[in-house]
Amino acid sequence: MKPVIIIQGPTAVGKSSLALEIAQKFKLEIISADSRQVYKYMDLATAKPTKKEQDLVKHHLIDIITPDQAYNAGRFAREASELVDHTQLEFPIICGGTGFYISAFLEGLCKIPDIEDNVRESLVKDWNNLGNESMYQLLVDIDPLVAQKVSDKDKQRIIRGLEVFYSTNKKLSDYWAEQGMLETRKILNILILDEREEIYSRINKRYDEMVKSGLLDEIRELLRMGYDSESPGLSAVGYKELLPFIIQDAKLKDCIELAKQHSRNYAKRQLTWYKRNYFNLVFFRKSINYNTIDTYIKHFIENY
RNA sequence: GGCGGGAUAGCUCAGUUGGUAGAGCAGAGGCCUGAAAAGCCUUGUGUCCCCAGUUCAAGUCUGGGUCUUGCCA
């Protein structure tokens, strides 16, 4: 297992630019750990690195699927491991805000085969017809251990528990029990933080800039290509909120406010997530010490 | 000017026949084993616009005022 440098932080703290700087200085490549930058044609509101930036530094796991396709943590873990361990890449920087993807990559997920789309689809249909109570009861009957850990209103996890059983004929809790420890990878894990107020105001400002630089046209183009509110990619914050303005007659100002609000909610969830992880280096945005980072990276690279 | 709606938590609003208030969203905190920019959990003392009156008791009824909004002129 090759060592990796990881840069994480809530949305809009400036992870990408730090990663870009480090990558250039040490001639490294970047693997994006971002559940929305994987989508082609969605550039602006995903804050995807620009063409120029991608010319300066090679980025991976960006623009790999179309908005009608779904992506998930398992696929990320697999594809990131493939890149890190089975290519010529040396000391790649994994940079992104999807903390669960990075955990999946580092710690591994239990080995569950891919679930066919139609299994989940029919369960979602059942959920809509029967309601959460009977679906939860079904999970209690099938896999009480999982049911115990899940709220009776948690649609995603109830369906997950059921789809694993129906698709593989084996309980999700059995997969959990079988899961072994993954070999620990050497990492230099860096976290960038900021004051809550500061993060929120940067989110607000950045979204206004995205709209100004043509976000509405980008979304109209996506619709023209045949993607719609049902497309997995378009569930992204910053996109879904503008659809009521483009398709119906919602006020643009209200849609923009909602998009900003959801981004702030997202940033808050990210901050909670990071509390569970260990980081080698933690910096506040305004006081990033580049000398310290350089020293750590040099040391890290030289010792592995 | 005439007629009618409104005025209740930061915002949008519920409040049944009078018994001193409650939802959603926001905010705050948390959870997270293939949807994670997702999903879920916990958390609600606020001059119920103001002043009088009726009543044991008024957000709720009566009168007056203030502000707001719609329709007609």
Side-chain angles (χ1 to χ4, degrees), chain A residues 8 10-12 32-39 42 44-48 65 67-81 96-117 119-121 123-124 127 132 136 143 145-161 163-164 167-168 171-182 196-197 200 203 206-207 210 230-242 254 257-277:
Chain A
Q8 301 191 67
T11 188
S32 156
D34 188 301
S35 69
R36 302 297 143 168
Q37 289 182 4
V38 294
Y39 288 111
M42 296 176 55
L44 260 18
T46 59
K48 199 180 283 173
I65 55 173
D68 56 326
Q69 296 177 288
Y71 198 73
N72 63 50
R75 221 182 126 178
F76 176 83
R78 206 160 51 230
E79 290 173 8
S81 302
T98 308
F100 181 46
Y101 282 12
I102 293 174
S103 298
F105 163 74
L106 290 175
E107 290 148 34
L109 295 165
C110 40
K111 294 200 177 69
I112 301 173
D114 286 334
I115 310 295
E116 309 96 85
D117 288 346
V119 175
R120 179 178 295 182
E121 278 162 23
L123 283 167
V124 169
W127 178 279
N132 68 298
Y136 182 71
D143 193 340
L145 282 173
V146 169
Q148 204 170 29
K149 291 188 68 175
V150 167
S151 153
D152 62 357
K153 294 197 180 88
D154 196 335
K155 182 176 175 182
Q156 287 186 8
R157 293 194 174 84
I158 292 171
I159 288 178
R160 176 64 183 161
E163 73 178 7
V164 167
S167 176
T168 69
K171 292 189 273 183
L172 177 55
S173 55
D174 290 339
Y175 285 106
W176 287 350
E178 286 169 7
Q179 186 180 15
M181 287 290 285
L182 210 62
R196 183 72 58 90
E197 293 277 308
Y200 285 1
I203 285 171
R206 187 174 74 162
Y207 195 70
M210 289 167 173
E230 301 293 305
S231 307
L234 286 183
S235 68
V237 168
Y239 288 88
K240 62 179 175 204
E241 296 86 354
L242 291 184
D254 294 343
E257 280 316 304
L258 198 61
K260 289 175 180 174
Q261 187 177 94
H262 289 161
S263 297
R264 285 181 243 128
N265 296 157
Y266 168 49
K268 189 179 173 307
R269 267 179 277 133
Q270 287 176 302
L271 290 170
T272 303
W273 177 269
Y274 295 133
K275 288 179 187 167
R276 66 161 57 207
N277 295 118

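First the proteins, then the strands, lettered A, B, ... as listed; each starts at 1.
- Both distances falling under 3.5 Å, in either a Watson-Crick or a G-U wobble arrangement, place B:G24 opposite B:C11.
- At the phosphate of B:C32, neither OP1 nor OP2 sits under 4.0 Å from any side-chain N or O atom of A:Lys149.
- Using a 4.0 Å heavy-atom cutoff across all strands shown, A:Tyr39 reaches no nucleic acid atom at all.
- The shortest distance between the side-chain N/O atoms of A:Tyr101 and the OP1/OP2 oxygens of B:A36 is below 4.0 Å.
- For A:Arg269, a side-chain nitrogen or oxygen approaches OP1 or OP2 of B:A38 to under 4.0 Å.
- Judged by distance alone, the side chains of A:Tyr175 and A:Gln179 never bring a donor and an acceptor atom under 3.5 Å apart.
- Nucleic acid contact class of A:Glu107 (heavy atoms, under 4.0 Å, all strands): none.
- For B:A37, its base sits under 3.5 Å from the side chain of A:Asp34 at one donor and acceptor pair at least.
- Considering only side-chain N and O atoms, A:Tyr136 lies nowhere under 4.0 angstrom from the phosphate OP1 or OP2 of B:C40.
- Between B:A38 and A:Asn72, no contact under 4.0 Å exists linking OP1 or OP2 to a side-chain N or O.
- Figure legend. B:G46 is base-paired to no nucleotide; pairs are counted as Watson-Crick or G-U wobble with both atom distances under 3.5 Å.
- A:Lys275 has a side-chain polar atom (N or O) that falls below the 4.0 Å cut-off from OP1 or OP2 of B:G30.
- In this structure, a donor-acceptor pair under 3.5 Å is present between the side chains of A:Arg206 and A:Thr11.
- Look at A:Arg276 and you'll find a side-chain N or O under 4.0 angstrom from OP1 or OP2 of B:C32.
- Both the sub-6.0 Å distance and the 45° axial angle are satisfied by A:Arg276 relative to the ring of A:Trp273.
- Put simply, A:Ser35 has a side-chain N or O that comes within less than 4.0 Å of OP1 or OP2 on B:A37.
- For the P atom pair drawn from B:A9 and B:C48, the interatomic distance equals 9 Å after rounding to whole Å.
- OP1 or OP2 of B:A26 lies within a sub-4.0 Å distance of a side-chain N or O belonging to A:Asn265.
- Contact annotation: A:Arg157 does not reach the phosphate of B:C40 (side-chain N/O to OP1 or OP2, under 4.0 Å).
- Looking at heavy-atom distances under 4.0 Å, A:Gly97 makes contact with sugar-phosphate atoms alone, never a base.
- As judged by a 4.0 angstrom heavy-atom cut-off over every strand, A:Thr98 is placed among residues touching the sugar-phosphate backbone only.
- Nucleotides B:G63 and B:A23 place their P atoms 33 Å apart, quoted to the nearest Å.
- Within the nucleic acid shown, A:Ala45 comes within 4.0 Å of at least one base atom, counting heavy atoms only.
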